[in-house]
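First listed ligand is number 1; within each ligand, the first listed atom is number 1. All heavy atoms count here, side chains included; hydrogens, waters and symmetry mates do not.
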Amino acid sequence: MSISKGLFITFEGIDGCGKSTQAKMLVDYLNQLGDKAIMVREPGGTKISEEIRDILLNRHLDDICDRTEALLMTGSRSQLTYEIILPKLEKGINVVADRYYDSTLAYQGGGRKLDLEWLIKLNYFATYNLDPNITFFIDIDPNEAQKRKDQEEDRIERAGIDLQNRVRSAYVSLAKRFNHRYVSINGDDSIESIHNAIIDKMKKKNLIK
Ligand code: ADP
Ligand code: TYD
């Protein structure tokens, strides 16, 4: 289900692919056009979701089991959807999300090997069935992405390159399965050319003028 008033645009990909950079640039672009837009990021974005984020990314909590991880990621998303995303969309404000439910499908499904169909159902429950209008998957080799990292690794990044490779493959499968909303973008290109490709795609799909 999608809400017709505001656009819901999501960015996905492995850690360090350039999602946050592009999400911010798109929000600025939309606001300059006069199409009011806000950005949200996951896990987090509300008081409760940020508390959940602290647990999820804490380097000292290595013993979280995969199912708890999936439930906490999805719990954080549920609160964000209820408190921020749905009310903004209903007011006609565009929402640009740095990660949404595809991250759980890719990381906890592909990465941690939990049952994908079950995670899809769980996420529909958590998000009141809210689908993105369009999802930009910024695809990059995990070795390249790792070279870009300038901050200390969080608990999930520390799980290593094998997990990132499985997550990337999962995104490639999701892009095929949900091809009506997915747009795959080559993350090796320059920041400016990726931004231009995103704007072109939005125009071609008549999402912006
Ligand atoms: P993510 O949100 O996917 O983890 P970021 O947008 O934070 O990624 O980018 C990670 C780092 O890579 C940042 O230092 C950013 O400036 C840089 N970066 C982002 N996009 C590109 C690009 N296309 N080419 C080179 N470096 C990039
Ligand atoms: P973050 O610092 O936001 O990373 P990034 O800038 O790459 O988005 O950390 C989020 C981490 O949590 C990242 O490793 C991806 C992971 N994650 C999941 O495993 N499942 C999820 O559902 C979400 C939203 C994130």
**Q** When only distance counts, is Arg53 in polar contact with ligand 2, meaning an N/O pair under 3.5 Å?
**A**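 Right, the criterion is met.
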
**Q** Below the 3.5 angstrom mark, is there an N/O of Lys19, backbone or side chain, next to an N/O of ligand 1?
**A**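 Yes, there is a polar N/O contact under 3.5 Å.
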
**Q** State plainly whether the residues Arg177 and Glu117 are in salt-bridge range, i.e. N to O under 4.0 Å.
**A**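 A salt bridge links Arg177 with Glu117.
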
**Q** Check each of Ile194, Ile140, Thr21 against atom 16 (O) of ligand 1 and report the one with the nearest heavy atom.
**A**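 Checking each option, the heavy atom nearest atom 16 (O) of ligand 1 is found in Thr21.
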
**Q** With a cut-off of 4.0 Å, which atoms of ligand 2 are near a heavy atom of Lys19?
**A**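 Counting atoms of ligand 2 from 1, those under 4.0 Å from Lys19 are 5 (P), 7 (O), 8 (O).
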
**Q** Who are the side chain to side chain donor-acceptor pair (under 3.5 Å) partners of Ser20, not counting sequence neighbours?
**A**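 In terms of side chain to side chain donor-acceptor pair (under 3.5 Å), with neighbours along the sequence ignored, Ser20 is linked to Asp98.
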
**Q** Within this structure, what is the CD-CD1 distance for the pair Gln22 and Ile198, rounded to the nearest 0.5 Å?
**A**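 Output value for this atom pair is 4.0 Å.
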
**Q** Enumerate the atoms of ligand 2 whose separation from the nearest heavy atom of Asp154 is less than 4.0 angstrom.
**A**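 So the atoms of ligand 2 that pass are 2 (O), 9 (O).
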
**Q** Glu42 and side chain to side chain donor-acceptor pair (under 3.5 Å): which single residue from Arg77, Arg99, Arg53 fits?
**A**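 One option only clears the test, and that one is Arg77.
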
**Q** With a 4.0 Å cut-off on heavy atoms, does Arg77 reach ligand 2?
**A**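 The answer is yes, since Arg77 has a heavy atom less than 4.0 Å from ligand 2.
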
**Q** Name the closest protein heavy atom to atom 14 (O) of ligand 1, giving the residue it belongs to and the distance to 0.1 Å.
**A**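 It is Asp150 OD2, 3.9 Å.
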
**Q** Quick one: does Arg112 get a heavy atom under 4.0 Å from ligand 2?
**A**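 Flag not set, Arg112 not near ligand 2.
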
**Q** Identify the two heavy atoms, one from Gly187 and one from Ile140, that lie closest to each other, and give their separation to 0.1 Å.
**A**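 So the minimum-distance heavy-atom pair works out to O-CD1, 4.0 Å.
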
**Q** With a cut-off of 4.0 Å, which atoms of ligand 1 are near a heavy atom of Ser190?
**A**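 This gives 23 (N) as the contact atoms.
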
**Q** Counting non-hydrogen protein atoms only, what is the nearest one to atom 8 (O) of ligand 1? Give residue, atom name and distance.
**A**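 Result: Gly18 N, 3.2 Å.
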
**Q** Are Leu33 and Met25 linked, directly or through intermediate hydrophobic residues, by side-chain heavy-atom contacts shorter than 4.5 Å (ILVMFWY only)?
**A**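 Unlinked, Met25 and Leu33 end up in two clusters.
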
**Q** Taking heavy atoms and a distance under 4.0 Å, where does Arg41 meet ligand 2: side chain, backbone, both or neither?
**A**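 Contact part for Arg41 vs ligand 2: neither.
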
**Q** Among all the protein's non-hydrogen atoms, which is closest to atom 18 (C) of ligand 2, and how far away is it?
**A**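 Heavy-atom neighbour on the protein nearest atom 18 (C) of ligand 2: Met73 CE, 3.3 Å.
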
**Q** If the cut-off is 4.0 Å to any non-hydrogen atom of Gly16, which atoms of ligand 1 fall inside it?
**A**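 Heavy-atom distances to Gly16 below 4.0 Å select 1 (P), 3 (O), 4 (O), 8 (O).
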
**Q** Of all heavy-atom pairs between Arg155 and Asn58, which one has the smallest distance, and what is that distance?
**A**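 Looking at all heavy atoms of both residues, the shortest contact is CD-O, 3.4 Å.
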
**Q** Does Asp188 come within less than 4.0 Å of ligand 1, judged by its heavy atoms?
**A**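 Asp188: no contact with ligand 1 (<4.0 Å).
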
**Q** Please determine whether a side-chain nitrogen of the Lys or Arg among Lys47 and Glu83 lies less than 4.0 Å from a carboxylate oxygen of the Asp or Glu.
**A**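 Looking at Glu83 together with Lys47, the answer is no, because their closest N to O distance does not fall below 4.0 Å.
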
**Q** Check each atom of ligand 2 against the heavy atoms of Gln108 and keep those under 4.0 Å away; list them by number with element.
**A**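 Atoms satisfying the 4.0 Å criterion: 18 (C), 19 (O), 20 (N), 21 (C), 22 (O).
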
**Q** For ligand 2, does Glu69 get within less than 4.0 Å through its side chain, its backbone, both, or neither, judged by non-hydrogen atoms?
**A**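 Looking at Glu69 and ligand 2, no heavy atom falls under 4.0 Å.
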
**Q** Starting from atom 10 (C) of ligand 2, which protein heavy atom do you reach first, and at what distance in Å?
**A**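 The closest one turns out to be Pro43 CD, 3.8 Å.
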
**Q** Are side-chain heavy atoms of Leu89 and Leu130 found at a separation under 4.5 Å?
**A**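 Result yes, sub-4.5 Å side-chain heavy-atom pair found.
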
**Q** For ligand 2, note which part of Leu56 has a heavy atom under 4.0 Å away: side chain, backbone, both or neither.
**A**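 Contact part for Leu56 vs ligand 2: neither.
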
**Q** For atom 2 (O) of ligand 1, find the nearest protein heavy atom and state the residue, atom name and distance (0.1 Å precision).
**A**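 Answer for atom 2 (O) of ligand 1: Ser20 OG, 2.4 Å.
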
**Q** Please verify the inter-ring angle class for Phe178 with Tyr182; under 30° counts as parallel, over 60° as perpendicular, anything in between as tilted.
**A**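 Ring orientation, 0 to 90° scale: parallel.
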
**Q** Are Asp66 and Lys113 close enough that some pair of their side-chain heavy atoms sits under 4.5 Å apart?
**A**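 They are not in side-chain contact.
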
**Q** May I ask you to test the Glu12-Ile138 pair for a side-chain heavy-atom distance under 4.5 Å?
**A**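 Of all side-chain heavy-atom pairs linking Ile138 with Glu12, none is under 4.5 Å.
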
**Q** I'd like to check Tyr82 versus Leu86 (side-chain heavy atoms, cut-off strictly below 4.5 Å). Are they in contact?
**A**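 Tyr82 vs Leu86: side chains apart.
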
**Q** Do any nitrogen or oxygen atoms of Arg99 come within less than 3.5 Å of a nitrogen or oxygen of ligand 2?
**A**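 Checking ligand 2 against Arg99, an N or O pair does fall under 3.5 Å apart.
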
**Q** So which bit of Thr74 gets within less than 4.0 Å of ligand 2, heavy atoms only: side chain, backbone, both or neither?
**A**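 The answer is neither; Thr74 stays 4.0 Å or more away.
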
**Q** Does Thr104 approach ligand 2 within less than 4.0 angstrom via side chain, backbone, both or neither, non-hydrogen atoms only?
**A**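 Within the 4.0 Å criterion, Thr104 contacts ligand 2 through backbone and side-chain atoms alike.
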
**Q** Pair Tyr101, Asp131 - check side chain to side chain donor-acceptor pair (under 3.5 Å), show working.
**A** CA-CA 9 Å; Tyr101 65 51; Asp131 288 318; 2.4 Å; yes

**Q** Answer side chain, backbone, both or neither: which part of Glu42 comes under 4.0 Å from ligand 2, heavy atoms only.
**A**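 Glu42 to ligand 2: contacts from backbone and side chain alike.
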
**Q** Could you check atom 23 (N) of ligand 1 against the protein and tell me its nearest heavy-atom contact, residue, atom and distance included?
**A**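 Scanning the protein heavy atoms, the shortest distance from atom 23 (N) of ligand 1 goes to Asp189 O, 2.8 Å.
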
**Q** Looking at ligand 2, does any of its N/O atoms fall within less than 3.5 Å of an N/O of Asp15?
**A**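 Looking only at distances, the answer is yes, because the N/O contact criterion of under 3.5 Å is met.
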
**Q** Judged on heavy-atom distance to atom 11 (C) of ligand 1, which of Arg148, His195, Lys24, Gln22 sits nearest?
**A**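 Among Arg148, His195, Lys24, Gln22, the closest heavy atom to atom 11 (C) of ligand 1 comes from Arg148.
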
**Q** For Ile156, counting its heavy atoms only, list the atoms of ligand 2 lying under 4.0 Å from any of them.
**A**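 Heavy-atom distances to Ile156 below 4.0 Å select 12 (O), 14 (O), 16 (C), 19 (O).
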
**Q** Heavy atoms only: give me the nearest Arg168-Asp139 pair and the separation to one decimal.
**A**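 Where Arg168 meets Asp139 most closely, the heavy atoms are NE-OD1, 2.8 Å.
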
**Q** Would you call Cys17 a ligand 1 contact, heavy-atom distance under 4.0 Å?
**A**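 Yes, Cys17 has a heavy atom closer than 4.0 Å to ligand 1.
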
**Q** Leu57 heavy atoms, cut-off 4.0 Å: which ligand 2 atoms fall inside?
**A**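 Going through ligand 2 atom by atom, the ones under 4.0 Å from Leu57 are 9 (O), 11 (C), 12 (O).
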
**Q** Return the closest protein heavy atom for atom 20 (N) of ligand 1 as residue, atom name and distance.
**A**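 Sorting protein heavy atoms by distance from atom 20 (N) of ligand 1 puts Ile191 CG1, 3.5 Å first.
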
**Q** For the residue pair Phe137 and Phe11, is the inter-centroid distance of their aromatic rings smaller than 6.0 Å?
**A**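 So the answer is no for these two rings.
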
**Q** Just wondering, do Phe136 and Arg181 contact through their side chains at under 4.5 Å, heavy atoms?
**A**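 Result no, sub-4.5 Å side-chain heavy-atom pair not found.
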
